Structure formats: C-alpha cells, structure tokens
Amino acid sequence: MSEMTFEPLMVEPAGVPRGRAMVERADWAARAYAKYDIATVNRIVDAAASALATRAQEFARDAVSETGFGVVEHKVLKNIACSTGIVETYRGQDFVSPEIDEVNKIVAIPRPAGVILALTPSTNPVATVSFKIILALMTRNSIIISPHPMAKKVCVAAAKAMSEAAVAAGAPDGIIQIVEDPSIPLINALMTDERTDVVVATGGTPVVRSAYRSGNPAIGVGPGNVPVLVDATADLAKTAARIIESKSFDNSILCTNESVVIAEEAIADKLLSAFAREGAYVLKDEERDAVRNTVFPEGHFNTKMVGKDAVWIAEKAGIKVPAKTKVLVAPFDLVVPEEPLAHEKLCPVLGFVRVPTATRGIDIARAVLRITGAGHSAAIHSANPELIMMFSAAVPVLRVSVNVGNSLGASGIQTNLAPTMTIGTGFAGRSSVGENLQPKHLINYTRLAYNADAREVMPSYAGLNPWSSPTGPVPSYPVASNEENYGFGSTSIRREPITQDVAELRDEIRKLIVEELHALIKN
Amino acid sequence: MTQENTAAPEFDYGLFSYDSKEQMLEKSKEFWNPGKTQFWIDSGVPLVIDRREEYFIYDMSGKRLIDAHLNGGTYNLGHRNPEVVQAVTMAMQHFDIGNHHFPSLARTALAEALIKTAPAGLSKVIYGSGGGEAIDIALKTARHATQKRKIVSIIKAYHGHTGLAVGTGDDRFSKLFLSDRPEEFPHVPFNDLEAMEDALRDRDVAAVIMETIPATYGFPLPNPGYLEAVKKLCEKYDALYIADEVQTGLMRTGELWGITKHGITPDILVTGKGISGGLYPIAAVLATEKAAGWLNEDGFGHISTFGGAELGCIAALKTLEVCSREETRSMVHYIADYVGQRLAAIQATYPDWFVGIRQNGVILGLEFAHPQGAKYVMRHLYENGVWAIFSTLDPRVLQYKPGILLKPEVAEEMLDRTELAIGKAYAEIRNERSA
Ligand SMILES: Cc1ncc(COP(=O)(O)O)c(C=O)c1O
C-alpha cells in the first residue's frame, strides 16, 4: 500500500535543524552518562564547578558588559555560589547510587531524566547557567542550554569552559551543549522535541508558560514581586541595613529582590530615616512621580531600567541624589494594579507603603502578590513569631525570609534553604515545583519492592552497584579494528587523577566562598 | 488506496501504477533488467523499495526494513533527509541543472565549501554526475598531469563501471564488455607493499588509485601503515595518489574524510554517493593545483552536461554542512562505539561462525565462516527487518553500514534484529551441513 506524499515547502529558520542535532547528540550522551558511578560523577562535577569558579570574575565582568546591567562584584559572588558553592552544599549527597531500605524491603535506583533543556535569563546569566549545569551533572543528565539572547556570548563562554572541564574529567562527549544563537523558533523546536525529557525554564512568564505548553515535562518558575512587612517589634537599624543591602544587590535584578516595603505606621518614619542612613534616598512626592514616569512611562515598565544603579535612574528622572545612593525609596499609598510602583521593578527602586497595623500589612502583602509573584517569596522583619506565622500562612508564597534580606535569603544563600537560582513557585505560581530547584527534581527512582509478607526476606543488596566508571573517553575514538588501541571504553588514553593542585584550588575556593559570604552578611 | 474504489490499481504512484507486486516484478523483467530482477527473487530478497524515510525502507508489501547498507553511504543522512529535501525543494524555485559551459553560482559555491573542508593541499574541484564519471575524471587528470598512462589499482577494487574506471576493477565487469586493458591497468594485491613497489618501479605509472577501505571487497582494512607507505611509494616513483573516498568519506569513519585518519594528503580525492544526500546525483573530484593543470590548459577538457548539476550542488552543500557538524561527528563516534560493542558481544556468542569484525567508524565488514556466509545472513536479516548486503567480491563478508545520524533506539533495534539473524543463519548452515 503506498501513498504519494509531497512534503509541503516547509521553511525552517537556520539554526532549528542544528538545534535538533544537538538534542540527538544529547540523547546519546545522556544514555552513556546514566551508567556512570558516583566517584566519576563527583570528579566531573568538581571539575566543571572549578572551571567556572576560577573564572568567576571574568564571567561577572563580561556579563555586566554584555547585558549592560547588574553589579560585577555581586555577580562574582553569585557565580561562585552557583558553582563550587552548590557543590559544597551537596557534598556527600549521592544522587547516583542505589538506596537500600532494609526495613521496608525497597531498593531505590536513581534514574536521570535524560536530556534537560535549560532556559536561562539575562538577569542572572552565568550563575543560572552554572547552577543548572552543576545540577544536571550531579544527577547524570545531559543538558542543552538556551541562554537569553542578551547574554549569549558570556553564557556560551561559561558553558564551554564547564563542558571542556567535564569532558576532560571523564564526562561523555556532548554532555553539556549550549545554543550559540537562540531564537524563538529554535527554542520552540527544542522545547517540543520528543527527545527533550524535561524543560527547566527560568525567565519571564511567556517563556515559562510556553515551557508548560510544550507537551514535555517542564519545571518552570514564575516571577517574583516581593512584599516585605516591617512591624513595630523589628530591630530597625538591622532591618534597614538588610533591606537596603538586599535591594541593591546586583542592582535588584534578581526575582528575589524586595519590591514593596510595608511598614507599620508607628515605626514608618524611623524606618525611612534608617534607610537613609544605609544609603537610600527617600523620594519626595514630585520626585517619586518623576521616577514613576521614568521607570514606568505610560504605566509600562521601561526595560532600559533593568539592573541600572540608583544614581543613573535618578539622573534619568531629573533628580539630584547623593553620589553613593544605593536605593530610591518611593512612598505611595495604595497597592492596586494600576499603581506601577506596586509591580516588580527589577531595578533599585523600592516601593514603600504605610499600614496602621501589622495585620493590615498582611492584607497589603497579599495585594502585592495579587499583581504578580504568587508562589514566589516574601520577607518579614519582626520579633513576633505569632505575627510571622500569621503572615506566612496568609501570604501565598512558598518561602518567607525572616529577618534577612530576601535576595539571598529566598535563594538559600543567606538562609539554610536549598541554594538555588531557580525558585519553584508551586501551584500558586503555576509551577510543578514548589521548592527551590535542587538535584532531586531532576531524577526519578526505580523502586524494587519485595513482598511485604514478613516471611519473605530481602537478601542483602549492600555493595551491589549497577554503575561503573569508564576507563577511557566516552565514546571511544573510532580507530580501525586492526589497530592496537581498538576497543570500547578502555582505550589507551588515560585520565588524570585529581592532582594536588586541583585539591588546593578547591580548598582555596571554599575559603573564598566563606569569606565573600561573610563580608556580605557583615555589610 | 480506498477499498470502495475497486477500479483503482493497488499501487498508484500518480504518473504510473501497478496492480500488484507480482505484476511489478514481471514488468521489471520484461522492460528493465531480467537478470538483476531474477537474482534477488532467487536470493530470497524480493525487495521492491517503496516508501522510505529516515533509516527505514518499506517493501511494496509494506514490510519495513532498517537500512544498514545505505547504498554504500548514499543515504548516510537517512532517506529523504528533511534538511536536504528542503534545500533542494527551495532551490527548485530558482535553479535547474544549470549550464555547464559557464561559470556557475552553485558549482562555485560547492567547490569552495568542498575545498574548505578537504585535506589541505586540495584546491580545485571538477564535477561529474556519478562516482564512475568522477573516477574517470580523476584518472584522466592524473594522466594529464604525469603524461603517463598506467593506473595501478588493487585486486578486487571497485571504482565504478564507466570507461576508465571499469579497468581498475574486477575482470568480471570489464571482460563482459570487452573492456579489460591489463597493460594499462595493472592490479596488485591489497596490503602487499612489495607488489605495489614492483608495479611502480618503472616510473611509468600515472597514479595509484585506492579506496581508503575497499568496500565491494568487504572492507578489508589496510594494515596499519600500508596506505601511508603506498603514498610514499607514489612520491618516490612520481605517481599520483588518488583517494577514492566515495564510500569512506562524509564522516563514516568518524572524520569527514577517511584518508585524513592516515595523515595523507592525496593528490586527488574522489567523492560521490552520499555527497548529495541521496536526492540529486552529483560527484566531485578534488585535486591539488599541480594535478589539476589541465583546467588552465584547456578548461573544456572534460565536458559533462549533468556534471555538477546545480540542484545537485545545493543538495551537496547542505549534506556537507550536516556531515561537518560537531554534533554529527560526535554521534558517529557514539554509534560506532555502540555498534562495535554489540557486535563484539554477538561474536562472542557465535565465535565459530561470526569470525571477524572489520570496523572503522560506521564502516563495517562482518566475516562469516562460510564461502557464501554473508548471503545467508543477508537473507535472514531481510526476513528479520534489516537490509544489509553481501560483498560482491567476497561473499563471506557482509557490508554493514549504519547511518551517521542513527538514533539510539533504532541502533538498539537494529542490533537486536541482527543478533537474531546471525543466529538463524548459523542454524541454517549447520542444518545444511548435518543434512
Ligand atoms: C568506492 C567506489 N568508488 C566509485 C564508485 C562508483 O560510483 P557510481 O556507482 O556512482 O558510479 C562506487 C560505487 O559503488 C564505489 O563504491
């Protein structure tokens, strides 16, 4: 039985077929990597993380110059936190070896997702690329990164550095790939490709929604719009310091940067004075209107403002502020959708509203999140656990930073939440993940389960491991079969063991992270 | 076709139709090639390829086969590769075969792309419409450059069946047409350097022509150092080295050109088959400046209306781009590794029957312990859904050539089927022996 089928003239933009080729290659790489053992995986993860961390400064600088926003020193910190920092966080944890539960007679064998498509934003370009790569490598997945077009050059350089280091440490060829020239049709093709096992989307709402529409499993996270409640019991000096430091972090382009401070009337003026002492400039009414018109001309956010510093923004608004101003505080009355200052701002402009009581403040926090940011994060500065509990239960977010800046609090860098660049917004934020993205989200387990009948004994599984470590490059180079070094996974090319140098470097990096974090917290 | 329309023929292809596969085979014998048609019927492989896509071909009966022969690499990228189809379809809005007398847009563009990806030193491109013609061009070019006539080739070499090429190959095909010319076309045994040197010693040889791995002979591998030594002998005795990369080029060895794995820059390189993605015939000869002198002396020296047809050039440009991708190279290495491992395991099961694996990338010759062994395996493969062909010039050996873009699950399926077929062929041979 035959049919004449004439293909319609389908014109695909250049790059789309190339993208498909990347997915096919990733598929081979994922199959190979899924058989690796924990020792080799650890070695690969370390190598990739070090490759990024040792160039954290360079990548931070390049990210700022390519995108035109953010603060180099803050990006250095994020780059380190999202490479060696993440590795340290999960050191000792194993997402590879079978887990044996003798009591319940169940053995759980980790099973990687396969091919991860990671969409990364312009705001946290390198940190997010690194974060997702490290998570993928820890869980034996292969990863294709589609960077934000505004940050593609630096992301490509960073991903390539990590890829080379990973492969040199024994990872399969093609385990990390990055799209050099992202475009909408290409991203669509990658997202909908049936070989893509999971899409991990960090970015604007349209990107996240289309990830969920792709028909493939997806982990997408929604936007933030962080309300911060400060009540009369708060230590105002510390609170002000924390909020201003956090709000100005990386010029406020994280989704976790504070958006609107909600202050109990009794302490509102004192809080504003404390803000001023920390380097914030409190706008007068006309100045606020000028800033509103500059940041939201005709009510719409002006993307030129993203990640610019406070002085630059003030200048654009025609306002004179002291040269070292870190944050512009913009007081307004009502949190409603038509008030632009109640929306996410992605620059160091901080909304400020007064409430007669802290409980009233909870309602206002809910109003902020009605606009955007449901499921994301909120902060509260208070000494009153009862209020903090009420606030946390009432406000539809999945993490509440308490007496800590939200930028690094919600992302787990200054709290003990899982450190992440990808904040799961859960059902409230239309996402499949409610926690900070972490390795466990990128694997499933095959559970082998014995008869529950107590007379049926599960034999010992101790020491049984289905995984092994290749002894040569994967795949082996195709030498002719009549040559001496023909063979598979055991060719003559030897891999370097971890040298003293690398070990020292690792220690140094560990120290560096601790110091940087320390400095930041002290601030 | 719809059931209710009883008048319609069952196999309707628009411009032509057949009532049945039987009728088709009858007509094939009547109007086309009775010898060939009957051969396949007798071989237990009555294949008439109908639908084709990716690495699948379908017999008229609807039977699906994984193509592990690919016509010697013609379908390297799979059948009707969508990227090549799109390139050619779009090109047809503007181009046709073109005019071979004039400078040509597409011929020039492809020539530049070929030279840029070729071993260093090759600098000019001459087009043919098929591999044989390209080989003839290569031989003529060598004769012009050296002003000598003799061409040395390997016993059981296969370079095509056109006027000169046929002389380089097995007698079976030249004698049939009274075209054997042993004085001009000496043949020497493969992997025999002494014989090669003897053939060259008199300095009357224009060129040695070598398949980088002799395909139709079942892919016997050149001994380590053999090709390199032949190249040196060529230099010593003023003969050109012609690399026939018709089957070994285009990433099949895990590098774009097989010859580069030997570190050899040939004086002339020939490509065909896979170069056009299986969609529009074209072949090309790449030559060094020194070898290609006739292009300056008389640019009309070789004329071929269809040589370098512009639609073929466009198919080839796309194909070359796909083959040259980093992703493609990586996949070939994965496929070669996987197929090699699986075959080694099968061989361990049937060590007395499946006696050898000749492999370089995704070029494989599988040796069986029976003079016609590969014909048995071919038939069982066919019955079990894989198409791979025995080697005409050594029927012990099966040519096994998986695609360079093969997906892992198809590779797995292909090997599962292959394992079964090899076992069944063995059982059949043992039954015959015990009977
Ligand atoms: C190595 C080699 N060279 C040349 C040719 C001739 O190509 P064509 O059949 O296109 O004339 C073939 C064909 O099988 C071949 O295998």
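Model, not experiment: these values are computed from the prediction. The chains referred to below are lettered A, B, ... by the order of the sequence lines, with proteins before strands, and numbering in each begins at 1.
Per-residue counts of heavy-atom pairs under 4.5 Å with chain A were compared for B/Ala344, B/Gly356, B/Pro224, B/Gly254; the largest is that of B/Pro224. Counting heavy-atom pairs under 4.5 Å between each of A/Glu484, A/Arg18, A/Gln177, A/Met22 and chain B puts A/Arg18 at the top. Per-residue heavy-atom pair counts under 4.5 Å with chain B were compared for A/Glu24, A/Glu483, A/Arg20, and the maximum is reached by A/Glu24. Of the residues considered (B/Val332, B/Ile335, B/Leu364, B/Val322), B/Ile335 shows the highest number of contacts with chain A, using heavy-atom pairs under 4.5 Å.
Using a 4.5 Å cut-off between heavy atoms, B/Tyr58 makes no contact with chain A at all. Interface remark: B/Thr253 contributes backbone atoms only to the contact with chain A (heavy atom separation under 4.5 Å). With a 4.5 angstrom heavy-atom cutoff, B/Glu53 does not touch chain A via any of its atoms. With a threshold of 4.5 angstrom between heavy atoms, B/Arg329 approaches chain A through side-chain atoms but not through N, CA, C or O. In this structure, chain B has no heavy atom under 4.5 Å from any part of A/Ala26.
Using a 3.5 Å distance cut-off with no hydrogens or angles, the side chains of B/Asp50 and B/Tyr13 do pair a donor with an acceptor.
Remark: B/Thr319 OG1 to B/Asn76 CG distance equals 9.0 Å, nearest 0.5 Å.
Between B/Tyr226 and B/Phe190, the angle of the ring planes goes over 60°, which puts this pair in the perpendicular group of the 30/60° scheme.
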* List the steps, then state whether salt bridge (charged side-chain N to carboxylate O under 4.0 Å, His left out) holds for B/Lys261 with B/Glu255. => CA-CA 7 Å; B/Lys261 286 175 93 172; B/Glu255 299 295 349; over 6 Å; no
* Asked: Going through the distances and angles, do B/Glu245 and B/Thr248 end up as a side chain to side chain donor-acceptor pair (under 3.5 Å)?
  -> CA-CA 5 Å; B/Glu245 286 270 328; B/Thr248 47; 3.3 Å; yes
* To do: Could you walk me through whether B/Lys407 and A/Glu194 pass the salt bridge (charged side-chain N to carboxylate O under 4.0 Å, His left out) test, one step at a time?
  => CA-CA 12 Å; B/Lys407 294 171 181 169; A/Glu194 59 180 25; 5.5 Å; no
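Under the 6.0 Å cut-off for aromatic ring centres, B/Phe219 and B/Tyr400 do not qualify, their centroids lying 6.0 Å or more apart.
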